Protein chains: 2
Amino acid sequence: MSSLTARQKQIVEHLKEHAAAGHAPSLRQLCAELGLRSPGSLHKHIRALTVAGLVERAPGRGIRLTAAALHDPDTLPLLGRIAAGRPIEAIGDQRRIHVPPELRGKGDCYVLEVRGDSMIEEGILDGDWVVVEHRDHARNGELVVALIDDAEATLKRIEQRPGAVILHAANPAYPPLRYEPRRVRVQGVVVGQMRRY
Amino acid sequence: MSSLTARQKQIVEHLKEHAAAGHAPSLRQLCAELGLRSPGSLHKHIRALTVAGLVERAPGRGIRLTAAALHDPDTLPLLGRIAAGRPIEAIGDQRRIHVPPELRGKGDCYVLEVRGDSMIEEGILDGDWVVVEHRDHARNGELVVALIDDAEATLKRIEQRPGAVILHAANPAYPPLRYEPRRVRVQGVVVGQMRRY
DNA sequence: TTTATTGTTCTCCTTTTGTTCTCTGATTTA
DNA sequence: TAAATCAGAGAACAAAAGGAGAACAATAAA
């Protein structure tokens with residue numbers, strides 16, 4: 001999106017209005033609305049936007065933006081990958097994932113991809129997506145994305161006591177981990193989870 | 001629904017009004033209402049909508065939309081609850097659940113709510129939703145909804161051999177269950193899973 | 001039976017749409 | 001200054017969509 005020309009950005013913005021109304025204009029219709037006189041000129045821009053993944057085409061079906069370009073309100077950004085004991089690994093291309101409203105929290109949410117089997121006791125497997133509500137504090141018993149010593153990320157149930165934060169694994173066979181409160185920073189609370197087979 | 005012509009969308013919208021009133025208009029009646037003069041022209045559109053699965057025809061019974069066309073295409077029906085060792089319990093009111101396209105199969109899909117902790121080894125917990133693609137056969141290794149002796153439902157990985165069907169639990173500590181093929185009926189294949197916290 | 005209605009198929013036509021091409025000018029970059 | 005990039009005009013063409021009208025078989029109604 002950042003490496004678009006001014007004209008291309010303008011076209012994307014204009015197409016958003018059409019998308020909001022549920023329309024998919026034709027080349028010549030767009031030409032008229034943008035003040036162009038040649039469909040050939042516009043076609044070059046549309047082709048550029050298509051290879052950039054912002055526009056979807058189907059022959060005879062007009063021009064429509066992809067979910068990625070729309071910032072489709074049904075989607076959330078896939079921010080990165082989380083593996084226990086490591087920092088959250090950011091993802092470059094910023095894919096967006098469809099998340100049903102049933103799995104969304106009230107506030108600002110994003111999606112993390114889980115790496116490794118360390119959360120298996122929580123029923124969260126390698127490759128799963130977790131939907132995280134961005135928060136800096138949690139209620140006891142919630143499943144949180146926690147950052148320990150600003151270095152290790154983990155997905156655990158939290159118990160906050162005066163003078164200590166305890167992170168529980170789901171499996172009672174594993175002992176809970178006890179930290180000083182200032183070492184643990186809550187990044188968000190897991191409000192949903194999805195898996196593809 | 002997204003790759004329809006403008007005309008086709010208009011026709012679907014118009015048919016929704018008829019559906020609400022319980023009518024199923026004939027071709028010529030629709031022609032008049034849409035301002036067309038030839039039933040042949042309209043027939044082309046209706047045929048396109050039929051192959052798209054939005055329109056049902058029965059000879060002499062007029063034109064009516066399918067259930068798929070009347071529902072929100074982003075949702076799937078919540079058919080019932082599944083608990084290991086019991087028949088699938090149907091749900092009366094037929095709620096529909098938003099299911100992201102990433103979690104959907106190609107064919108006909110529905111959602112089941114999982115009851116109990118019997119699938120916990122698969123990372124499927126009590127209360128989870130599984131997205132199931134309706135199929136009557138599966139490939140080895142797939143996670144299937146299987147009906148045993150037409151009575152017990154279960155969610156297991158399937159292995160089909162000549163003369164035997166083996167259902168594996170994820171936990172190797174539990175022995176796989178071996179059945180005669182005719183006792184096991186595949187109802188569908190799990191293609192996705194969702195959880196709310 | 002006759003009559004009307006309905007669904008279907010066919011050919012012909014017009015309009016719309018997407019695409020490619022060349023040419024021109026402006027702006028930026030090396 | 002020369003080259004590259006962006007933007008646009010205009011012409012031309014192929015494909016697709018949309019529609020008209022005629023014709024015909026099957027069915028339902030009179």
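Please read all numbers here as calculations on a predicted model, not as lab measurements. Chain identifiers are assigned alphabetically (A, B, ...) following the order of the sequence lines, protein sequences preceding nucleic acid strands; residue numbering begins at 1 within each chain.
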Within this structure, what is the CG-CG distance for the pair A/Asp128 and A/Asp126, rounded to the nearest 0.5 Å? 8.0 Å
Give a yes or no on whether B/Arg104 atom CZ has more than 12 heavy-atom contacts from other residues, nucleotides or ligands under 6.0 Å away. yes
Can you list, by residue number, the residues of residues 19-37 of chain A that have a non-hydrogen atom closer than 4.0 angstrom to DNA chain C? A/Ser26, A/Leu27, A/Arg28
With a sphere of 6.0 Å drawn around CZ of B/Arg96, does it hold more than 12 non-hydrogen atoms of other residues, nucleotides or ligands? yes
Can you tell me the distance, in whole Å, between the CG atom of B/Leu42 and the P atom of D/dG21? 15 Å
Outermost nucleotides of DNA chain C that come under 4.0 Å of a non-hydrogen atom of chain A: C/dT17 to C/dT20
Classify the side-chain pair B/Gln193/A/Gln193 by whether it contains a donor and acceptor separated by less than 3.5 Å. yes
Could you give the CD1-to-C1' distance, from B/Ile11 to D/dA17, as a whole number of Å? 12 Å
Classify A/Gly40 by what it touches in the nucleic acid, base, sugar-phosphate, or nothing, heavy-atom distance under 4.0 Å. base
For A/Ile46 and D/dG8, give me the distance from atom CD1 to atom P, rounded to whole Å. 12 Å
Exceeds 12 heavy-atom contacts within 6.0 angstrom, atom CZ of A/Arg7: yes
Calculate the interatomic distance between B/Gln10 atom CD and D/dG19 atom C1'; express it in whole Å. 13 Å
Atom NE2 of residue position A/His14 - does it have more than 12 heavy atoms of other residues, nucleotides or ligands inside 6.0 Å? yes
What's the NE2-P distance between B/His43 and D/dA25, to the nearest Å? 16 Å
Do NZ/NE/NH1/NH2 and the carboxylate oxygens of A/Glu159 and A/Arg157 come within less than 4.0 Å? no
For D/dG18, take OP1 and OP2 only and decide whether either is under 4.0 Å from a side-chain N or O of B/Thr5. yes
Is the count of non-hydrogen atoms from other residues, nucleotides or ligands lying under 6.0 Å from A/Arg115 atom CZ greater than 12? yes
Between the axis at one end of the helix from C/dT1-D/dA30 to C/dA30-D/dT1 and the axis at the other (five pairs apiece), what's the angle to 10 degrees? 30°
In whole angstrom, what separates B/His45's NE2 from D/dA16's P? 15 Å
When you measure only distances, ignoring hydrogens and angles, does the side chain of B/Ser38 come within 3.5 Å of the base of D/dG19 through a donor and an acceptor? no
Distance check needed: D/dA20 P versus B/Lys44 NZ, whole Å only. 11 Å
Could you check B/Glu56 against B/Arg61 for salt bridge (charged side-chain N to carboxylate O under 4.0 Å, His left out), going step by step and ending with a plain yes or no? CA-CA 10 Å; B/Glu56 271 176 332; B/Arg61 288 280 175 277; over 6 Å; no
What heavy-atom pair brings A/Leu4 and A/Lys9 nearest, and what distance separates the two atoms? O-CE, 3.8 Å
Record whether the side chain of A/Ser41 comes under 3.5 Å of the base of D/dA9 through a donor-acceptor pair of N or O atoms. yes
Under a 4.0 Å threshold between the charged nitrogen and the carboxylate oxygen, would A/Arg135 count as salt-bridged to A/Glu142? yes
Grab the CZ-C1' distance between A/Arg47 and D/dC6 for me, whole Å please. 14 Å
Under 3.5 Å, is there a donor on one side chain and an acceptor on the other for A/Glu33 and A/His18? yes
